[in-house]
Structure formats: C-alpha cells, structure tokens
J.: 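Quick one: the structure is below, and I'll ask about it shortly.
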Amino acid sequence: MNQGELVGGLLVIFVLAVIAIATIVVYGDLSIRPRPRRLPVWQYTHRVIGKDQPYATSTGSFPASEQRLWELWRESHTPGSIVAVPVASEPVAPKPVVDSADNSGRSEAEDAEATADTAPLGADAGGDTPSVCAAEKIPEVRQMRVSRVSRELRSVYPLALVGFNVYFEEYEKTELPVGLIVRGSDGVAMMTLTDDDIVAFDERGRRLWSSRWERLIFSNAHDLLLYNGHTQIRIDDEDQRDLVEALVVKYGRFEQMHFLPGPERSAPDADE
C-alpha cells in the first residue's frame, strides 16, 4: 500500500467518525429536548346553579389523591380561556285543542283545513303515519370565558372520588349576596354569603362562625363540612343546603375531610 492509499483510507475513516458523532449528538439532543405537553380531551356535563347559571363539570370521576389529572384540568381551563357551552332551547308551547262542541257549526271544508294545520310534519292529508321525519335540531352553543375551576367530592366509599368543575366570567359573583336557611352543627340555622365571606348564624341571629372565601376549606358528601382554618361546622342535607353547597364548591377550596380519624372540631359562640 502506497502513501496515497493510506491517506485516503484514513480520510474515509475520519469522515465516517465525524458522521457518527454528529448523528449521536443530533439524536441525543432530540431525546432530551422537552416535548410540548398534550392536554387530554375532556368530556363535559353541563349543569346550572340556581335557575340560570350554567357551568361545566367533568363527566368522569377521579381518585381524590390523583393530582396529575387535576393539574391537567387546570391547564386546560386557565382563566380567560374559552369553553363552548350548549344553550338550552326554549320549549314550544302546544297548540290549544278545540272542543268538538265548538265545531258543530263548521263546514266539512273548515274541518279539513283545521286538520291539515295541526297535522304532524311530513303527514299526508289522510292522517297516515309521517313519511318524512323532521330533522333533529342542532343545539345552539355559546362561547364562554373561564373565570375559575374547582373540585368536589362525588364518592367517599370504598374510594374517595372527585369531579372537576369550570365556571365562567359572565356569572362571577352574580349570586352574591344571598341569605339561606340551613340546618347544621352548633345550632346553625342560617347562612349569609357575600362577595368577601360566608357567615353562619343561629335562630336568634347570633353570629356563630365565619370564613373569608380565600380561607374556606370544604368537603361535601352526605353532609357539608366547612373549615376556616380554626374551627369546623357541619351543614346537614336539609332546606337550602344544595345552593349553599354549589356556591361553596365554586368559591371555596376542596380537601378530603370525610371519614378521617379524630373528633370533629366544633364552632365557638363568637366569630373567629
């Protein structure tokens, strides 16, 4: 082998080594580079607070200890993002039925015309079964801007399961202030909910317990547990508890407090 062939061989080996090193560097960089996070596609159930405030909730329920899904829900519904909400269609009022006694003076032609006017869509003049079915109406959808999200307890046995909720800017704090009749521990008989706090009173109007919304912790199951950082009260499943619970879930913070060991913390006679 002469000197020229030796130099050529070494050059080929050098080029192949450079290509191999470059390939390792490129693929190594791609493998460690953070990939964009894929958010799941959620299935929604649409509900209302009171009579006309829509909100959306996750169709599925998840273990209360599962923090990853809760973080993904929050990332999917950041304040200011848009969620499509179906609008409930207005019910169509039925046509009044004309009594046969009022038709005694009508002619056969008038009777036939009235029958044709009230016949179902697609029916022929002879009153046979409709041959063409009416197309199903596509529900109207509203684009609504997210204001906040929350969690709520849906099951406590044998495994604590939670659901996720999302609320909208258009209805933020529109339910407040409100006073509601309830029944609970320590003689609680009424609650007032304002923009700033939630307060419990006894039957004589004495203030028993209160919490600012940012400090309120709740757990909702067969009863509603409320904790302000110092004392806990219980709201039983009576009177207007459902509306209280809906607002507490919206503006409070969930923590699992059902079936935990230890005595229940009772509320004092004076406000904390």
J.: Can you give me the closest heavy-atom contact between His46 and Ala84, atom names plus distance?
T.: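 So the minimum-distance heavy-atom pair works out to CE1-O, 3.7 Å.
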J.: From Asn228 CG over to Arg212 CZ, what is the distance, rounded to the nearest 0.5 angstrom?
T.: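 Separation between the atoms: 12.5 Å.
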J.: Does any part of the side chain of Met191, heavy atoms only, come nearer than 4.5 Å to the side chain of Val199, both counted from C-beta?
T.: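 Answer no - side chains too far apart.
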J.: Can you find a side-chain donor-acceptor pair between Arg154 and Thr57 that sits under 3.5 Å?
T.: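 Judged by distance alone, the side chains do pair up.
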J.: In chain order, what residues pass the ring-ring contact (aromatic ring centres under 6.0 Å, His included) check against Tyr171, with sequence neighbours excluded?
T.: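 Here no residue qualifies.
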J.: Partners of Arg148 by salt bridge (charged side-chain N to carboxylate O under 4.0 Å, His left out), sequence neighbours excluded?
T.: Glu172
J.: Drop me the distance from Ser210's OG to His230's NE2, to the nearest 0.5 angstrom.
T.: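 These two atoms lie 9.5 Å from each other.
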J.: On a heavy-atom basis, which atom in Arg183 and which in Ala189 lie closest, and how many Å separate them?
T.: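 Minimum heavy-atom separation between Arg183 and Ala189: NH1-O, 3.5 Å.
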J.: Answer yes or no: is there a side-chain heavy-atom contact under 4.5 Å between His258 and Leu225?
T.: yes
J.: With no hydrogens and no angle check, just 3.5 Å: does a side-chain donor-acceptor pair link Ser58 and Trp42?
T.: no
J.: Run the side-chain contact (heavy atoms from CB on, under 4.5 Å) check on Gln143 and Val141 step by step: do they pass?
T.: CA-CA 7 Å; Gln143 302 292 326; Val141 174; 4.2 Å; yes
J.: Run the side-chain contact (heavy atoms from CB on, under 4.5 Å) test on Lys250 and Asn165 for me, step by step, so that the C-alpha distance in whole Å, both residues' side-chain angles and the decisive distance to 0.1 Å come before the verdict.
T.: CA-CA 8 Å; Lys250 180 177 180 180; Asn165 304 322; over 6 Å; no
J.: Identify the two heavy atoms, one from Thr192 and one from Phe201, that lie closest to each other, and give their separation to 0.1 Å.
T.: OG1-CE1, 3.5 Å
J.: Which atom names give the shortest non-hydrogen contact between Ser76 and Ser81, and what distance separates them?
T.: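 Heavy atoms only, the tightest pair is O-OG, 4.2 Å.
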J.: How long is the straight-line distance from OG1 of Thr194 back to CG of Leu176, given to the nearest 0.5 Å?
T.: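 If we round to the nearest 0.5 Å, Leu176:CG and Thr194:OG1 are 7.0 Å apart.
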J.: Quick check: do Ile235 and Asp223 have side-chain heavy atoms less than 4.5 Å from each other?
T.: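 Side chain of Ile235 against side chain of Asp223, heavy atoms only: no contact under 4.5 Å found.
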J.: Within a strict 4.5 Å, meaning less than it, do heavy atoms of the Val48 and Gln53 side chains meet?
T.: no
J.: Identify, with sequence neighbours excluded, every residue that meets salt bridge (charged side-chain N to carboxylate O under 4.0 Å, His left out) alongside Arg47.
T.: Glu152
J.: Mind checking whether Arg145 and Val83 have side chains closer than 4.5 Å, heavy atoms only?
T.: no
J.: Apply side-chain contact (heavy atoms from CB on, under 4.5 Å) to residues Phe218 and Tyr227 and explain how you reach the verdict.
T.: CA-CA 6 Å; Phe218 72 89; Tyr227 182 57; over 6 Å; no
J.: Using the salt bridge (charged side-chain N to carboxylate O under 4.0 Å, His left out) criterion, which residues pair with Glu170? Sequence neighbours excluded.
T.: Arg142
J.: With a 4.5 Å cut-off on side-chain heavy atoms, are Ile198 and Trp209 touching?
T.: yes
J.: Run the salt bridge (charged side-chain N to carboxylate O under 4.0 Å, His left out) test against Glu255 and tell me which residues pass, sequence neighbours left out.
T.: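 Result, salt bridge (charged side-chain N to carboxylate O under 4.0 Å, His left out) vs Glu255: Arg253.
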J.: Quick check: closest heavy atoms across Ser219 and Gln256, and the distance to 0.1 Å?
T.: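 The answer is OG-OE1, 3.9 Å.
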J.: Nearest 0.5 Å, what's the CD1-CG distance between Ile233 and Leu226?
T.: 5.0 Å
J.: Would Val166 and Ile82 show up in the same hydrophobic cluster when neighbours are defined by side-chain heavy atoms closer than 4.5 Å?
T.: no
J.: If hydrophobic clusters are built by linking Ile, Leu, Val, Met, Phe, Trp and Tyr wherever their side-chain heavy atoms come under 4.5 Å apart, do Leu161 and Leu72 end up in the same one?
T.: no
J.: Restricting to side-chain hydrogen bond (donor to acceptor under 3.5 Å, both in side chains), what partner residues turn up for Thr59, sequence neighbours left out?
T.: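 Partners of Thr59 by the side-chain hydrogen bond (donor to acceptor under 3.5 Å, both in side chains) criterion, ordered by chain and then number, come out as Thr45.
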J.: About how many Å separate NZ of Lys173 and OG of Ser147, when rounded to the nearest 0.5 Å?
T.: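 It is 10.0 Å, given to the nearest 0.5 Å.
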J.: Holding to side-chain hydrogen bond (donor to acceptor under 3.5 Å, both in side chains), I want the full list of residues that pass it with Gln67, two or more places apart in sequence or in another chain.
T.: none
J.: Show the numbers, then the answer: is there a side-chain contact (heavy atoms from CB on, under 4.5 Å) between Val162 and Glu66?
T.: CA-CA 9 Å; Val162 298; Glu66 178 55 74; over 6 Å; no
J.: Does any part of the side chain of Pro54, heavy atoms only, come nearer than 4.5 Å to the side chain of Met144, both counted from C-beta?
T.: yes
J.: How would you list, by chain and number, every residue that makes a side-chain hydrogen bond (donor to acceptor under 3.5 Å, both in side chains) with Tyr55, sequence neighbours excluded?
T.: none
J.: Could you work out, with ring-ring contact (aromatic ring centres under 6.0 Å, His included) as the rule, every residue matching Phe62, not counting sequence neighbours?
T.: Phe164
J.: Rounded to the nearest 0.5 Å, what's the gap from CZ on Arg241 to CG on Asp236? Could you check?
T.: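 Interatomic distance, Arg241 CZ to Asp236 CG, rounded to 0.5 Å: 8.0 Å.
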J.: Looking only at side-chain N and O atoms, does Tyr167 offer a donor or acceptor that is under 3.5 Å from a partner on Ser150?
T.: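 Result is yes, a qualifying pair exists.
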J.: Locate the shortest heavy-atom distance separating Met190 from Ile181; write the atom from each residue and the value.
T.: CG-CD1, 4.2 Å
J.: Tell me which pairs pass salt bridge (Lys or Arg N to Asp or Glu O under 4.0 Å) where either residue lies in residues 196-205, with sequence neighbours left out.
T.: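 As it turns out, the salt bridge (Lys or Arg N to Asp or Glu O under 4.0 Å) pairs with a partner in residues 196-205, which skip direct neighbours, are Asp202-Arg206.
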J.: Can you check whether Val182 reaches Val188 side chain to side chain, under 4.5 Å on heavy atoms?
T.: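 Yes, at least one pair of side-chain atoms sits under 4.5 Å.
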J.: Taking side-chain hydrogen bond (donor to acceptor under 3.5 Å, both in side chains) as the definition, give me every residue that meets it alongside Arg151, ordered by chain and number, with sequence neighbours left out.
T.: none
J.: Between Arg74 and Glu71, does any NZ, NE, NH1 or NH2 come within less than 4.0 Å of an OD or OE carboxylate oxygen?
T.: yes
J.: For the side chain of Thr78 and the backbone of Glu75, is there at least one donor-acceptor N/O pair under 3.5 Å apart?
T.: no
J.: Of all residues at least two apart in sequence or in a different chain, which pass the ring-ring contact (aromatic ring centres under 6.0 Å, His included) check with Tyr251?
T.: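 Only Trp213 meet the ring-ring contact (aromatic ring centres under 6.0 Å, His included) criterion with Tyr251.
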